[in-house]
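Start at 1 and go down the list; that is how both ligands and their atoms are numbered.
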Amino acid sequence: MKPEMNDVSEKSAEVETQHTKLLILGSGPAGLSAALYAARAELTPIVLTGIDLGGQVALTYMVENYPGFPEGVGGAELGELFQKQAERFGAKVVFDNAQSVDLSKRPFKVVADNGTYAADALIVATGARPNHLEVPGENELIGRGISYCATCDGAFFKDRQVNVVGGGDSALEEGLFLTRYASSVTVIHRRDSLRAGAILQERALNNPKMKFMWNTVITDVIGKEKTEAVKIKNIKTGEEAVSPTEGVFIFIGHTPNTQMFEGQLRMENGYIQVDNRMRTNIPGVFAAGEAADSHFRQVITSAGMGAAASIEATHFLQDEAG
Ligand SMILES: Cc1cc2nc3c(=O)[nH]c(=O)nc-3n(C[C@H](O)[C@H](O)[C@H](O)COP(=O)(O)OP(=O)(O)OC[C@H]3O[C@@H](n4cnc5c(N)ncnc54)[C@H](O)[C@@H]3O)c2cc1C
């Protein structure tokens, strides 16, 4: 009997290799949207979740800018709904984390913590992670005053004082965006001058709602259920203080989760390069969401890229089958 796709189809002495038509790496909005489309195309895709089931969005308390939820939706709940919808059509969501890939020949080989996979086509949706300050309290209060996305969370801080950390373009752009809601926005920057472009600097420095704290770093985020204050330190004078605030927006860069593709997929600054059909430089390998997008970084744009990658992967496999 011919083994069915996705069945264990190859065994070696040490590892079992599971064969699948389509393997999707990542269970964020891009990966699960790709899974939904592929499942509806009857490809029975396997999704490896990685260590963050639901992706970055599952970290946030409330999402108010994803269409279809006029009252907003919890980030974790949205991730669960994405998963449920993909599974309803036959996607297999597996709690496993890819460690290495071999894209030199097909089927592509992916070695994960709990198994090895051979895939006729691959969608990389491993996302990115905002760089953290790595200070006590930060991780515990993500989505409760600590944010890495002003577009996502700015509206929760109407008429409140908030802090922005960073001195580059993102920090100032997002800081200026926050002035729509916040009563005042304090930029906390470890240097005594900004790295952002001249026009942005001028706009920020001239905005009456924007204030600047130079040569300063946050050393602690304080709060139980939500952020209440930050401990700050002037790195020139060593002076320390506690500054009350309900919101801290951190923009000190993003790191795409793409290290394992280095030397195999074409990348720019760590982001996988795709064409407008989500194709990478290797036929049969597609990429979607923040792993391939340093610019938009939203649930809806990542989900859209996932859907597009999946449609394209389906065509790729169909064309091959003739
Ligand atoms: C705190 C916060 C709040 C946000 N709020 C909003 C909001 O309100 N609205 C909005 O539109 N956007 C919001 N965003 C942005 C949004 O979450 C992201 O744009 C979106 O999640 C990106 O989706 P993605 O699928 O590309 O990647 P991610 O969400 O980053 O998911 C990546 C997935 O890949 C998996 N993975 C990583 N490495 C591996 C591996 N080696 N093997 C297998 N899997 C792997 C991870 O476990 C994860 O499941 C927010 C982001 C943050 C951090």
Just which atoms of ligand 1 are under 4.0 Å from any heavy atom in [X]?
X	value
A125	32 (C), 33 (C), 34 (O)
G26	33 (C), 34 (O), 35 (C), 44 (N)
A128	30 (O)
R297	15 (C), 19 (O)
G289	26 (O)
T49	35 (C), 44 (N), 46 (C), 47 (O), 48 (C), 49 (O)
D52	46 (C), 47 (O), 48 (C), 49 (O)
L48	43 (C), 44 (N)

Considering distance alone, does some N or O of [X] sit under 3.5 Å from an N or O of ligand 1?
X	result
E290	yes
D153	no
G54	no
S147	no

Task: Candidates E87, E80, Q85 - the one meeting side chain to side chain donor-acceptor pair (under 3.5 Å) with Q83 - done: E87
TODO: Give a yes or no on whether the ring-centroid distance for F89 and Y37 is below 6.0 angstrom.
DONE: no
Polar side-chain atom of [X] near backbone of [Y] as donor-acceptor pair, under 3.5 Å:
X	Y	answer
Q161	T245	no
E228	E246	no
T179	L176	yes
D169	G197	yes

How far is [atom] from its nearest protein heavy atom, and which residue and atom name does that atom have?
atom	answer
atom 25 (O) of ligand 1	A30 N, 2.9 Å
atom 42 (N) of ligand 1	A98 N, 2.9 Å
atom 40 (C) of ligand 1	N97 OD1, 3.1 Å
atom 2 (C) of ligand 1	T60 CB, 4.0 Å
atom 27 (O) of ligand 1	G127 CA, 3.3 Å
atom 17 (O) of ligand 1	V57 N, 3.2 Å
atom 22 (C) of ligand 1	S302 OG, 3.3 Å

TODO: Kindly check if the number of other-residue, nucleotide or ligand heavy atoms within 6.0 Å of CD (E225) is above 12?
DONE: no
TODO: For residues I146 and F249, determine if any side-chain heavy atom of one lies less than 4.5 Å from a side-chain heavy atom of the other.
DONE: no
Task: Note, F261 side chain near L25 side chain (heavy atom, < 4.5 Å) - done: yes
Task: Ion pair check, E320 and R106, cut-off under 4.0 Å - done: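 Counted as a salt bridge, because a side-chain N and a carboxylate O are separated by less than 4.0 Å.
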Task: Cationic N near anionic O, under 4.0 Å, K233 to E240 - done: no
Quick test of your reading of the structure: of [options], whose heavy atom lies closest to [atom]?
atom	options	answer
atom 21 (O) of ligand 1	A150, P29, G55	P29
atom 37 (C) of ligand 1	I24, I300, T126	T126
atom 8 (O) of ligand 1	A291, A34, C152	C152
atom 43 (C) of ligand 1	G50, S33, A303	G50
atom 30 (O) of ligand 1	E64, Q56, Q259, H254	Q56
atom 9 (N) of ligand 1	N65, D96, V299	N65

Open item on the list: Is it true that N257 and T126 share a donor-acceptor pair across their side chains at a distance under 3.5 Å?
Closed with: no
Open item on the list: When you measure from the heavy atoms of M260 to every atom of ligand 1, does any distance fall below 4.0 Å?
Closed with: yes
Task: Rounded distance (nearest 0.5 Å) linking atom OG of S27 with atom CG of L53 - done: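 Going from the OG atom of S27 to the CG atom of L53 covers 4.5 Å.
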- [ ] Would you kindly specify which portion of T301 sits under 4.0 Å from ligand 1, judged on non-hydrogen atoms: side chain, backbone, both or neither?
- [x]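 It is neither part, as no heavy atom is under 4.0 Å.
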- [ ] Please work out whether the ring planes of H132 and Y148 are parallel, tilted or perpendicular, with thresholds of 30° and 60°.
- [x] parallel
Task: Step-by-step side-chain contact (heavy atoms from CB on, under 4.5 Å) determination, L48 to N97 - done: CA-CA 6 Å; L48 301 192; N97 192 46; over 6 Å; no
Open item on the list: Assess the residue pair D113 and Q99 against the criterion (side-chain contact (heavy atoms from CB on, under 4.5 Å)); give the C-alpha distance rounded to whole Å, side-chain angles, the decisive distance to 0.1 Å, and a yes or no.
Closed with: CA-CA 7 Å; D113 289 345; Q99 293 296 348; 2.5 Å; yes
